[in-house]
Amino acid sequence: MPLRLHNTLTRAIELVTPANADGVFRMYCCGPTVYGPSHIGNFRAFVVQDVLRRALEIELGAEKVLHARNITDVDDRIIVQTQTEKRSLAEITAHWSGLFHADCRALNLLPPHYEPSAVEHIPAQVALIERLIFHRHAYRADDGSVYFDVSTYPAYGGLARLDFTALRKQTTNSAGEANLADKYDREAAADFALWKARKPEDGSNYWPSPWGEGRPGWHIECSAMIEKIFGGQTIDLHGGGIDLIFPHHENEIAQSCCAHESEPGYSFVRHWFHNAHLLLEDTKMSRSLGNLYTVADIQKMGFDPVVLRYVLLTAHYRSPLVFTQNGLEAAQSALHKLDKHLLALALRATGDAAKTKETLLRLKKSSPKALRWGRFATAWEVLTDDLNVPGTLGEIFKVEPKAATVEQAKEDLEGLLKITVGVLGLDLPLPETKILVPDEIVELAKQRWAAKQAKDFAKADALRKELSARGWKSLDRKDGYDLAKE
RNA sequence: GGUGCGGUAGCCAAGUGGUAAGGCCGGAGUCUGCAAAACUCCCAUUCGUCGGUUCGAUUCCGACCCGCACCUCCA
């Protein structure tokens with residue numbers, strides 16, 4: 001079955017296919033604003049987009065997918081930081097984007113083919129704003145800021161399906177606060193900034209423009225970078241968190257469509273792909289609320305990032321997902337189970353325990369598209385229905401790791417690797433975790449093993465209790481033992 | 001208030017007009033001195049509530065209750 005996905009624009013499940021004659025699928029995803037650590041809720045979006053990309057590469061071939069994800073490195077909050085921390089914008093954004101990339105690697109995210117920076121695309125943004133002013137979709141305010149005139153784009157609100165006549169009359173926002181329209185020098189509350197005029201508190205963070213010094217507004221960067229990277233043609237898919245539907249993506253549509261109004265039939269994006277949020281105790285995880293966890297926090301809790309990746313995939317991408325410690329533990333156990341299935345199939349396929357590791361490594365290095373599905377074809381079928389990852393996981397576990405024949409084991413081994421590592425990006429098996437054992441624990445364990453060898457079970461049991469009191473346990477084998485934390 | 005999404009076992013979570021996938025936890029057993037690991041088996045007469053349509057609804061329709069999100073900082 002070809003891949004089908006929910007499209008926010010039409011609210012329907014649609015086939016995702018490349019529109020262009022070259023057969024290349026072009027996707028753009030809104031990336032992080034690098035003013036602080038990215039949290040695991042941010043990564044839900046990037047993990048989901050990564051699975052989509054991998055699925056597209058399976059379907060179309062890796063060379064037929066182009067993926068762009070921007071870095072927002074100019075923004076009000078970053079500029080405030082340059083002043084409070086007395087560091088340059090470049091210094092701050094380099095620091096946080098470096099950490100972001102490290103987290104991406106830890107989560108096994110494929111690097112995008114393009115990773116444009118907003119600061120590096122200021123001329124492209126200025127050029128786009130000029131086009132909008134030329135076509136009378138934007139106006140310069142007295143202070144030198146430029147705003148998009150929403151009233152010139154009748155289709156505005158189409159993505160979010162908001163009623164703008166009602167919205168304009170609204171005098172309070174969701175929190176019951178007064179509408180902030182008057183704070184800005186714009187003609188209508190719905191108008192949004194394309195260019196923000198320089199203010200004294202901006203420090204050295206301003207750029208020249210035909211309207212005076214200042215900096216670009218947020219929404220224009222994506223429109224400009226998409227234009228630049230993909231040559232102004234319609235792109236196949238645009239992704240982001242559900243919170244970006246309005247106003248960010250709504251505004252992008254308005255900007256890009258108005259800039260192209262001289263081209264009849266122009267469409268900006270064919271398919272809009274939005275994921276629901278990660279929640280913490282029924283509340284959205286967000287930087288402003290301060291209720292966030294980072295990838296580093298998860299590692300400090302003793303979990304490998306692949307466990308987090310699994311957790312982020314346990315709910316369908318359009319459903320909210322509540323993050324809990326319990327969820328991490330369940331994910332770790334489930335991954336362990338998959339790991340066992342993988343080893344069982346590899347052992348059967350190779351018939352030789354010594355060869356399994358080497359075989360697994362070799363298969364993992366090969367292109368996922370080249371691998372066979374075996375009995376995991378149904379898992380893929382389920383995935384193609386709107387990226388139903390929970391359903392896919394169910395299908396994966398339904399396949400008994402006992403293959404009927406060696407040939408089937410070989411095929412299944414490829415299939416299991418293809419779906420888990422190749423599509424879901426769950427890089428199994430789990431790396432063996434190295435644990436530091438205190439000397440006193442090592443000594444107690446030695447004594448216990450000696451007592452056990454001497455068949456002094458009373459002493460051995462007493463020592464096991466000693467170990468337990470210190471939080472450790474001995475896992476005995478025939479020829480020795482391992483130590484583990486209880 | 002407007003708009004949208006959702007309420008499925010102890011927890012997480014798919015799904016379908018024909019009688020409930022899967023994961024975690026838990027229980028029983030096999031095997032080991034013990035413990036663990038591993039393996040086998042068990043674990044929702046029921047899908048928020050109340051009505052309706054239907055031979056039949058968890059699945060469709062209506063009402064209601066509850067939760068979450070968005071309504072110009074947000075992945």
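Keep in mind that this is a model prediction, so the values were computed, not measured. Residue numbers begin at 1 in each chain, while the letters A, B, ... track the order of the sequences.
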**Request:** Please tell me which of the listed nucleotides, B:rA75, B:rC24, B:rC11, lies nearest to the side chain of A:Ser333?
**Result:** B:rC24
**Request:** Taking atom P in both B:rA20 and B:rA36, compute the distance separating them and give it to the nearest angstrom.
**Result:** 35 Å
**Minimum-distance nucleotide to A:Thr33 side chain [options: B:rA75, B:rG33, B:rA35]** = B:rA75
**Prompt:** Base, sugar-phosphate alone, or nothing: which one does A:His39 contact when heavy atoms must sit under 4.0 Å apart?
**Reply:** base
**Complete:** Ranking B:rG22, B:rA13, B:rA75 by distance to the side chain of A:Lys398, first place goes to B:rG22
**Message:** Mind checking if A:Leu475 touches a base, just sugar-phosphate, or nothing, with heavy atoms under 4.0 Å?
**Reply:** base
**Candidates B:rG33, B:rA14, B:rC70 - which lies nearest the side chain of A:Arg448** = B:rG33
**Request:** Could you tell me whether the side chain of A:Arg44 has a donor or acceptor atom within less than 3.5 Å of a complementary atom in the base of B:rA75?
**Result:** no
**Prompt:** Given the C1' atoms of B:rG10 and B:rU49, what is the spacing between them in whole Å?
**Reply:** 23 Å
**Any donor-acceptor pair under 3.5 Å from A:Asn251 side chain to A:His248 backbone** = no
**Complete:** side chain to side chain contact (heavy atoms under 4.5 Å, CB included) with A:Arg215: of A:Asn205, A:Leu89, A:Asp202, only one passes, and it is A:Asp202
**Message:** Under 4.0 Å, heavy atoms only, any strand: does A:Asn326 hit a base, just the sugar-phosphate, or nothing?
**Reply:** sugar-phosphate
**Asked** Just checking A:Ser474: base, sugar-phosphate only, or nothing, at a heavy-atom cut-off of under 4.0 Å?
**Response** base
**Asked** Which base sits across from B:rG29 as a Watson-Crick or G-U pair, both distances under 3.5 Å?
**Response** B:rC39
**Asked** Can you tell which of B:rG33, B:rA69, B:rC11 lies closest to the side chain of A:His277?
**Response** B:rA69
**Prompt:** Is A:Arg4 paired with A:Asp386 through a side-chain N to carboxylate O contact shorter than 4.0 Å?
**Reply:** no
**Message:** Classify A:Phe397 by what it touches in the nucleic acid, base, sugar-phosphate, or nothing, heavy-atom distance under 4.0 Å.
**Reply:** sugar-phosphate
**Prompt:** Which part of the nucleic acid, if any, lies within reach of A:Asn251 when heavy atoms closer than 4.0 Å are counted: base, sugar-phosphate only, or nothing?
**Reply:** nothing
**From B:rA75, B:rC24, B:rC34, nucleotide with atom closest to A:Lys337 side chain** = B:rC24
**Prompt:** Mapping A:Tyr310 and A:Pro320 onto RNA chain B by nearest heavy atom, which one lands closer to the 5' end?
**Reply:** A:Pro320
**Prompt:** Does A:Asn388 get its side chain close enough to the base of B:rG15, under 3.5 Å, for a donor-acceptor pair?
**Reply:** no
**Prompt:** Below 4.0 angstrom, N of the basic side chain to O of the carboxylate: do A:Asp50 and A:Arg54 qualify?
**Reply:** yes
**Prompt:** Which listed nucleotide (B:rC34, B:rC68, B:rU72) is nearest to the side chain of A:Pro247?
**Reply:** B:rU72
**Item:** Selected nucleotide, minimal atom distance to A:Lys340 side chain, candidates B:rA75, B:rC39, B:rA14
**Value:** B:rC39
**Request:** Look at the side chain of A:Lys402 and decide which nucleotide, out of B:rA75, B:rA69, B:rU40, has an atom nearest to it.
**Result:** B:rU40
**Asked** Rounded to the nearest 0.5 Å, how far apart are OG1 of A:Thr378 and CG of A:Leu383?
**Response** 11.5 Å
**Prompt:** Can you tell me if the side-chain N/O atoms of A:His336 get under 4.0 Å from OP1 or OP2 in B:rA38?
**Reply:** yes
**Asked** Any ion pair linking A:Asp76 and A:Lys196 (charged N to carboxylate O, less than 4.0 Å)?
**Response** yes
**Request:** Choose from B:rC70, B:rA13, B:rC24 the nucleotide whose nearest atom is closest to any side-chain atom of A:Ala315.
**Result:** B:rA13
